[in-house]
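Data first, discussion second: the structure below is written as structure tokens.
Reckoned from all heavy atoms, side chains included, excluding hydrogens, waters and symmetry mates.
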Amino acid sequence: MTYSLVEKRKMENILAVFQDYIQPHPYFDILYSEKVGYIRVSTEVPEWEGVVSIHSADKLLSILFNEIISDILFRNSKEYHCSTTLDVDEIEEIRSRITVILEELGEEADYCLDFLNNYLEDHLDNDIEQ
């Protein structure tokens with residue numbers, strides 16, 4: 001996949017600040033291929049999830065946000081469940097964990113923090129327990 005120079009630089013910067021999160025993570029990795037670009041692969045059971053093509057910096061952010069949300073949502077779960085309900089404290093933990101990482105982006109942080117706010121509004125509005 002061919003990215004514009006600007007888009008590829010954004011993606012590289014995002015990956016650089018998330019590297020300490022991605023590298024030790026037991027369930028996924030982000031790889032780069034000259035042929036297909038960036039991809040998300042499952043390291044636990046690859047045949048269940050397949051490979052996700054990452055076509056933009058926004059898609060990359062969405063994937064990384066979703067991984068952190070999943071970590072928080074399922075960290076205390078001893079068995080699989082389908083609940084995606086988060087309480088206010090979990091929402092704040094999500095926002096805090098991601099914000100600390102995004103602030104390392106310097107001048108690109110504002111865009112990414114706005115993207116985070118929109119992402120949380122779009123994806124979590126109906127799934128919050130008061």
Margin query: For the CG atom of Leu64 and the CD1 atom of Ile98, what is their distance to the nearest 0.5 Å?
Written below: 8.5 Å
Notebook entry, point to check: Got Ile39 and Ile30 here, is their nearest side-chain heavy-atom distance under 4.5 Å?
Noted result: no
Notebook entry, point to check: Any side-chain heavy-atom pair from Ile63 and Ile54 closer than 4.5 angstrom?
Noted result: yes
Notebook entry, point to check: Just how far is it from atom CD1 of Ile101 to atom CG of Leu116, taken to the nearest 0.5 Å?
Noted result: 10.5 Å
Notebook entry, point to check: How are the rings of Phe65 and Phe18 set relative to one another: parallel (under 30°), tilted (30 to 60°) or perpendicular (over 60°)?
Noted result: tilted
Checklist line | Separation between CD1 of Ile69 and CD1 of Ile94, rounded to the nearest 0.5 Å | finding: 4.5 Å
Checklist line | Atom pair OH/NZ of Tyr32 and Lys8 - distance to nearest 0.5 Å | finding: 4.5 Å
Next item on the list: Kindly give the heavy-atom pair with the smallest separation between Tyr119 and Ser62, and that separation in Å.
Entry: OH-O, 3.6 Å
Check: Do Arg40 and Val51 come within less than 4.5 Å of each other through their side chains, counting heavy atoms only?
Finding: no
Item checked: Side-chain heavy atoms of Arg97 within contact of Asp71, under 4.5 Å -> yes
Next item on the list: Any chance you could measure Glu104, atom CD, to Ile14, atom CD1, to the nearest 0.5 Å?
Entry: 12.5 Å
Margin query: Within a 6.0 Å radius of atom CG on Asp20, are there more than 12 heavy atoms belonging to other residues, nucleotides or ligands?
Written below: no
Check: Does the side chain of Asp58 come within less than 4.5 Å of Phe115's, by heavy atoms?
Finding: yes
Item checked: Cation-aromatic face contact Lys10/Tyr111, 6.0 Å, 45 degrees -> yes
Margin query: Once ring-ring contact (aromatic ring centres under 6.0 Å, His included) is applied, do any residues pair with His25, and if so which ones, sequence neighbours excluded?
Written below: Tyr21, Tyr27, Phe28
Note to self: Are the side chains of Cys112 and Leu61 in contact, using a 4.5 Å heavy-atom criterion?
What the structure shows: yes
Check: When you look at NZ of Lys59, are more than 12 heavy atoms from neighbouring residues, nucleotides or ligands closer to it than 6.0 Å?
Finding: no
Check: So, does Glu7 use its side chain to make a donor-acceptor pair with the main chain of Ala57 at under 3.5 Å?
Finding: yes
Notebook entry, point to check: Salt-bridged, Glu108 to Arg9, with N to O below 4.0 Å?
Noted result: yes
Margin query: Main chain of Glu92, side chain of Ser96: is a donor-acceptor contact present, judged purely on distance under 3.5 Å?
Written below: no
Checklist line | Nearest-0.5 Å distance that lies between atom CG in Leu60 and atom CG in Leu15 | finding: 5.0 Å
